[in-house]
**Q** 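Pasting a structure here, questions to come.
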Amino acid sequence: MRENSKCPASLLKLADSIILINNRYSFTHKNNIMTQDEQKRAVAQAAIQHVPFDCIVGVGTGSTANYFIDELARIKHKIRGAVASSEATAHRLRSHDIEVMDLNGVDELPVYVDGTDEITEYLHMIKGGGGALTREKIVAAVAKKFICIADKSKLVNILGKFPLPVEVIPMARSYVAREITRLGGQPSLRHGFITDNGNMILDVHNMQILNPVELEATINQITGVVTNGLFAKRGADVLLLSSDDGVRTIVV
Ligand SMILES: O=C[C@H](O)[C@H](O)[C@H](O)COP(=O)(O)O
């Protein structure tokens with residue numbers, strides 16, 4: 001065991017002991033209590049081990065994905081580039097000098113790493129709290145492996161406490177809202193928000209989602225819906241879940 005003088009100050013602050021193995025930091029936490037941000041960083045670091053050498057990486061959106069981007073920057077010389085699931089992610093990748101590629105020119109995406117708003121033990125998710133659900137779903141569809149990174153607050157038994165985002169074509173928003181109400185949900189327009197695709201978001205409250213695969217398909221069939229934030233037909237393949245005890249890997 002040895003401390004490394006080049007170790008980032010942020011890590012020194014939260015770590016009890018730090019070991020450098022194969023150029024990677026491994027650490028135990030002071031008092032074993034991690035804040036939510038520290039847990040996000042821990043899963044982001046764990047996800048790096050799932051990035052194959054010389055590949056193009058699919059990168060998600062949100063605060064947890066941002067930690068992953070910062071970790072990816074440390075190994076940027078080992079990857080060919082990245083596909084971004086939002087303009088915000090593309091901007092952050094470029095700020096680290098990581099090349100952002102057009103998905104249309106990419107025929108193989110071995111891995112997609114992204115956060116979530118809720119996830120079950122079956123690795124079904126609600127995503128889109130940041131409004132990036134459609135591009136996230138497209139990148140996830142292309143990727144061979146979807147690695148979800150989350151702190152323990154995101155793990156739920158039943159999806160639906162977090163309002164389900166639905167991206168809609170603006171002229172269809174009232175019609176879609178009425179149809180969703182018929183399905184038992186309470187949609188509310190995300191005021192002042194326009195997606196990267198120029199559309200609007202309805203956040204659907206009070207839906208206890210017992211059959212996410214079926215509901216995902218049903219909502220997507222409403223005319224005017226671009227997509228909804230249920231990732232059930234194509235859920236995650238691997239969940240890296242952090243808690244005070246460390247990072248757990250869950251596979252279905
Ligand atoms: O549109 C946003 C994405 O679906 C995010 O993955 C999701 O909202 C989780 O974000 P965070 O990591 O900030 O909780």
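Counting starts at 1 for both ligands and their atoms, in listed order. Along the sequence shown, the residues carry numbers beginning at 1.
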**Q** Could you tell me whether Lys76 atom NZ has more than 12 heavy atoms of other residues or ligands within 6.0 Å of it?
**A**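 Atom NZ in Lys76 is packed in, count exceeds 12.
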**Q** What protein heavy atom lies closest to atom 5 (C) of ligand 1? Include the residue and the distance to one decimal.
**A**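 That would be Thr61 O, 3.0 Å.
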**Q** Closest non-hydrogen protein atom to atom 6 (O) of ligand 1, residue and atom name please, with distance?
**A**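 Answer for atom 6 (O) of ligand 1: Lys127 NZ, 2.7 Å.
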**Q** If hydrogens are left out, which of Cys148, Ser85, Gly62 has an atom nearest to atom 10 (O) of ligand 1, that is, the closest non-hydrogen atom?
**A**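 The residue whose heavy atom sits nearest atom 10 (O) of ligand 1 is Gly62.
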**Q** Nearest heavy atom to atom 3 (C) of ligand 1: which of Lys137, Lys154, Glu136, Met125 does it belong to?
**A**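 Closest candidate by heavy-atom distance is Glu136.
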**Q** Who's closest to atom 9 (C) of ligand 1 heavy-atom-wise, of Thr89, Ile119, Thr116, Asn66?
**A**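 It is Thr116 that holds the nearest heavy atom.
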**Q** With sequence neighbours excluded, tell me which residues meet side chain to side chain donor-acceptor pair (under 3.5 Å) with Thr120.
**A**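 Thr120 satisfies side chain to side chain donor-acceptor pair (under 3.5 Å) with no residue once adjacent residues are dropped.
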**Q** I need the nearest protein heavy-atom contact for atom 7 (C) of ligand 1: residue, atom name and distance, please.
**A**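 Checking every protein heavy atom, the shortest distance to atom 7 (C) of ligand 1 gives Asp117 OD1, 3.3 Å.
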**Q** Counting non-hydrogen protein atoms only, what is the nearest one to atom 13 (O) of ligand 1? Give residue, atom name and distance.
**A**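 The answer is Ser63 OG, 2.5 Å.
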**Q** Would the number of heavy atoms belonging to other residues, nucleotides or ligands and lying under 6.0 Å from CG of Asn157 be above 12?
**A**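 Counting neighbours around CG of Asn157, 12 or fewer heavy atoms of other residues, nucleotides or ligands fall under 6.0 Å, so no.
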**Q** Within the structure, does Ala132 bring an N/O atom to less than 3.5 angstrom of an N/O atom in ligand 1?
**A**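 In this structure, Ala132 places an N or O atom under 3.5 Å from an N or O of ligand 1.
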**Q** Can you tell me the protein heavy atom closest to atom 2 (C) of ligand 1 and the distance?
**A**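 Closest protein heavy atom to atom 2 (C) of ligand 1: Gly130 N, 3.1 Å.
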**Q** Atoms of ligand 1 less than 4.0 Å from Gly129 heavy atoms?
**A**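 Close to Gly129: 1 (O), 2 (C), 8 (O).
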**Q** Indicate yes or no: does an N/O atom of Gly128 lie under 3.5 Å from an N/O atom of ligand 1?
**A**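 So ligand 1 has an N or O lying under 3.5 Å from an N or O of Gly128.
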**Q** Judged by atom type as modelled, is there a donor-acceptor pair below 3.5 Å linking the side chain of Asn220 to the main-chain atoms of Asn228?
**A**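 Checking the backbone N and O of Asn228 against the side chain of Asn220, a donor-acceptor pair under 3.5 Å is found.
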**Q** Consider ligand 1: state whether an atom of it lies below 4.0 angstrom from any non-hydrogen atom of Gly60.
**A**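 Outside the 4.0 Å threshold, so no.
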**Q** Taking Phe68 as the fixed residue, which of Val59, Ile147, Thr89 is the one that meets the side-chain contact (heavy atoms from CB on, under 4.5 Å) rule?
**A**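 Only one of Val59, Ile147, Thr89 forms a side-chain contact (heavy atoms from CB on, under 4.5 Å) with Phe68, namely Val59.
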**Q** Which residues pass the side chain to side chain donor-acceptor pair (under 3.5 Å) test with Asp117, sequence neighbours left out?
**A**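 If we apply the side chain to side chain donor-acceptor pair (under 3.5 Å) test to Asp117, skipping adjacent residues, there are no hits.
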**Q** Is it the case that more than 12 heavy atoms not belonging to His91 sit under 6.0 Å from its NE2 atom?
**A**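 Atom NE2 in His91 is not packed in, count stays at 12 or less.
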**Q** Is Lys40 positioned over the aromatic face of Tyr67, cation under 6.0 angstrom from the ring centre and no more than 45 degrees off axis?
**A**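 That pair does not qualify as a cation-pi contact.
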**Q** Do Asp102 and Asn104 have side-chain atoms, one donor and one acceptor, less than 3.5 Å apart?
**A**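 The answer is yes; a qualifying pair exists.
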**Q** For atom 12 (O) of ligand 1, find the nearest protein heavy atom and state the residue, atom name and distance (0.1 Å precision).
**A**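 Sorting protein heavy atoms by distance from atom 12 (O) of ligand 1 puts Thr64 OG1, 2.6 Å first.
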